[in-house]
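Contents: one structure, followed by commentary.
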Amino acid sequence: MKTQLSKIHTPVLLQELITHLQVKPNGLYVDCTAGFGGHSQQIANKLKSGHLTCIDQDINAINHLNKLFKNNNKVTVVKDNFINIDQIVSQQVDGIIMDLGVSSLMFDDPSRGFSYSHEGPLDMRMDEQGSTTAADIINNYSRAQLIDLFKKYGDVRFPNKVVDAIVQYREIKPLTSTIELANLISDCNPGPLARKHPAKVYFQALRIEVNKELDVLTEALVKATNCLKKGGRLCIITFHSLEDRIVKNFFKEASQTKDLYGKDVPLSKMSNPKFKLITKKPVVPTEKEMEQNRRSHSAKLRIIQKI
Ligand SMILES: C[S@@+](CC[C@H](N)C(=O)[O-])C[C@H]1O[C@@H](n2cnc3c(N)ncnc32)[C@H](O)[C@@H]1O
């Protein structure tokens, strides 16, 4: 089972996350992005009378988790978006984890449309019932909306040439395949092959928009922290700078004392912070992990604890 699982998806920062989560045998835990169960399995192994709720919005992950935990009554599997965590858990919990983004299996499955190097439909929905696909965005957003999207979520400084090519192309026929879009982007960025494929950042931006990843994360952080017991920990692994910035700023804000009167009033009354920042600097993978798992390169683990 171990070899099979690592072929599907190698969990990132596994030992570091499990150590920081401080799993209690009788505790209650939620894995918001259970995927193929790499982190969940380690948590479940440490439970005696405790319980783990595994959430994922991807049907393939859910089918896998249902098989993995079939005979384990300490684990419940829920297909949902973790933005609904407050409705999924019925009582406060000892620990919540998020390992954000897509799984290797999703990324490597051409039919999901996440990869710019495999022919597939321009889809990119993590939840196959989601209302908007990448093709909907590419074919229906205005020129200005596309420019804004690639700047904001792809960090592309000058996306105009690519966007103009998309707009011209779709006047003749809609863009429907990953390779069609990847080639169009490459044609706008000629020259020697750079270290990164030029389509990478455009695909990243589309994926974030299709799945509303940053909005979902922002709202879920508030809900997840409300779901923690005193002493409970929230551990989050991010893979790109935009989501890491959201987590970093939220954790910083939550663990600061605040002047309850505000800075315009001469009196001051400081509030006690509700959270303790466990990681002043993020935990990052070792050289060895990075060598063994390319996907781990950009991973950052941040943790806070409710006081
Ligand atoms: C990086 S993988 C997690 C891998 C997992 N930790 C493991 O060890 O197998 C991320 C997973 O989170 C899921 N996911 C991402 N955003 C989600 C959301 N908002 N709600 C529910 N699941 C989400 C994806 O479907 C994917 O399966």
Side-chain angles (χ1 to χ4, degrees), residues 1-18 20-21 29-45 52-69 75-89 95-109 112-114 123-132 204 207-224 227 235-240 242-244 246-247 285 289 293-301:
M1 179 43 116
K2 239 185 182 166
T3 10
Q4 260 181 336
L5 188 65
S6 61
K7 268 192 208 156
I8 297 176
H9 179 92
T10 308
V12 171
L13 289 167
L14 179 60
Q15 286 322 317
E16 292 85 345
L17 182 138
I18 295 299
H20 279 290
L21 189 61
Y29 296 88
V30 183
D31 184 346
C32 288
T33 51
F36 290 83
H39 294 100
S40 282
Q41 233 178 348
Q42 294 281 325
I43 299 171
N45 287 345
L52 168 69
T53 302
C54 292
I55 305 173
D56 206 290
Q57 60 178 339
D58 171 36
I59 188 66
N60 293 329
I62 291 296
N63 290 338
H64 181 86
L65 291 162
N66 277 330
K67 279 192 207 133
L68 188 65
F69 295 118
V75 181
T76 306
V77 176
V78 180
K79 182 181 186 301
D80 205 334
N81 191 305
F82 63 62
I83 200 169
N84 299 320
I85 184 169
D86 54 336
Q87 290 155 42
I88 298 166
V89 298
I96 299 174
I97 69 167
M98 294 181 189
D99 171 20
L100 297 168
V102 291
S103 65
S104 310
L105 191 78
M106 265 171 164
F107 192 80
D108 294 340
D109 177 353
R112 305 298 294 267
F114 288 106
D123 190 324
M124 302 195 196
R125 287 169 302 170
M126 289 193 215
D127 176 351
E128 78 292 351
Q129 290 170 331
S131 56
T132 307
Q204 171 188 297
R207 195 197 90 195
I208 293 175
E209 180 77 353
V210 166
N211 298 288
K212 301 268 170 268
E213 288 175 45
L214 304 183
D215 295 342
V216 167
L217 175 62
T218 305
E219 196 173 328
L221 282 172
V222 177
K223 292 183 173 175
C227 289
C235 306
I236 305 189
I237 300 173
T238 62
F239 290 90
H240 61 74
L242 293 171
E243 63 189 12
D244 184 57
I246 292 174
V247 175
E289 178 169 7
N293 182 5
R294 267 193 49 226
R295 216 187 130 260
S296 71
H297 270 235
S298 53
K300 287 186 176 153
L301 167 64

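We count ligands from 1, going down the list as the structure has it; atoms in each ligand are counted the same way. Just so you know, these numbers use all the heavy atoms, side chains as well, and skip hydrogens, waters and symmetry mates.
Annotation: side chain of Phe239 is in contact with side chain of Arg295 (closest heavy-atom distance under 4.5 Å). Contact check for Val210 versus Arg125: side-chain heavy atoms found under the 4.5 Å cut-off. Residues Gln41 and Phe69 form a side-chain contact, since some pair of their non-hydrogen atoms from C-beta on lies under 4.5 Å apart. Looking only at side-chain heavy atoms (C-beta outward), Leu52 and Thr76 stay at 4.5 Å or farther from each other. Side-chain contact between Leu100 and Glu213: absent, with no pair of heavy atoms (C-beta onward) separated by less than 4.5 Å. Side-chain contact between Val12 and Glu289 is present, with at least one heavy-atom pair separated by less than 4.5 Å. When side chains are defined from C-beta on, Met98 does not count as touching Thr238, because their heavy atoms never get closer than 4.5 Å. The shortest side-chain heavy-atom distance between Asn211 and Val216 does not fall under the 4.5 Å cut-off.
When each atom of ligand 1 is checked for a heavy atom of Ala34 under 4.0 Å away, the hits are 5 (C), 7 (C), 9 (O). Atoms of ligand 1 lying under 4.0 Å from at least one heavy atom of Val216, given by number and element, are 19 (N). Against a heavy-atom cut-off of under 4.0 Å, Asp99 is close to the following atoms of ligand 1: 1 (C), 2 (S), 3 (C), 4 (C), 5 (C), 6 (N), 10 (C). Heavy-atom proximity to Asp58, at under 4.0 Å, picks out these atoms of ligand 1: 25 (O). Atoms of ligand 1 found under 4.0 Å from any heavy atom of Gly37, numbered from 1 in the order shown, are 7 (C), 9 (O). Atoms of ligand 1 lying under 4.0 Å from at least one heavy atom of Gly35, given by number and element, are 9 (O), 27 (O). Taking every heavy atom of Gly101 and a limit of under 4.0 angstrom, the matching atoms of ligand 1 come to 10 (C), 11 (C), 12 (O), 15 (C), 24 (C), 26 (C).
Of the N or O atoms in Gly38, one or more lie within a sub-3.5 Å distance of an N or O in ligand 1. The distance criterion of under 3.5 Å between nitrogen or oxygen atoms is not met by Asp31 with respect to ligand 1. Between Ser103 and ligand 1, no N or O atom pair is found at a separation short of 3.5 Å. Note: no N/O pair closer than 3.5 Å links Arg295 and ligand 1 by distance alone. Not a single N or O atom of Phe239, backbone or side chain, sits closer than 3.5 Å to an N or O atom of ligand 1.
At a heavy-atom distance under 4.0 Å, only backbone atoms of Val102 (N, CA, C or O) approach ligand 1. The proximity of His9 to ligand 1, defined as any non-hydrogen pair under 4.0 Å, is limited to the side chain. Under 4.0 angstrom from ligand 1, the non-hydrogen atoms of His39 come from both its backbone and its side chain. By the criterion of a heavy-atom distance under 4.0 Å, the backbone of Asp80, and not its side chain, is placed next to ligand 1.
The closest approach between any non-hydrogen atom of Leu100 and ligand 1 is below 4.0 Å. Taking a 4.0 Å cut-off on heavy atoms, Glu213 fails to register as neighbouring ligand 1. Between Ala220 and ligand 1 there is no heavy-atom distance shorter than 4.0 Å. Assignment of Cys32 to the shell around ligand 1 is supported, since a heavy atom sits closer than 4.0 Å.
Taking every heavy atom of both residues into account, Leu21 and Gly95 meet most closely at CD1-CA, 3.9 Å. Residues Phe36 and Leu65 come closest through the heavy atom pair C-CD2, 4.2 Å.
Using modelled atom types and a 3.5 Å distance limit, the side chains of Asp31 and Ser40 yield a donor-acceptor pair.
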Exercise for review: Apply side chain to side chain contact (heavy atoms under 4.5 Å, CB included) to Leu13 and Ser296, showing your working.
Suggested key: CA-CA 8 Å; Leu13 289 167; Ser296 71; over 6 Å; no

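Closest to atom 18 (C) of ligand 1 by heavy atom, among Phe36, Phe107, Phe82, is Phe82. Evaluated by nearest non-hydrogen atom to atom 27 (O) of ligand 1, the leading choice among Ile55, Asn81, Asn211, Asp56 is Asp56.
Considering Asp56, Asp127, Asp58 in turn, Asp127 is the only one that fulfils the side-chain hydrogen bond (donor to acceptor under 3.5 Å, both in side chains) rule with Lys79.
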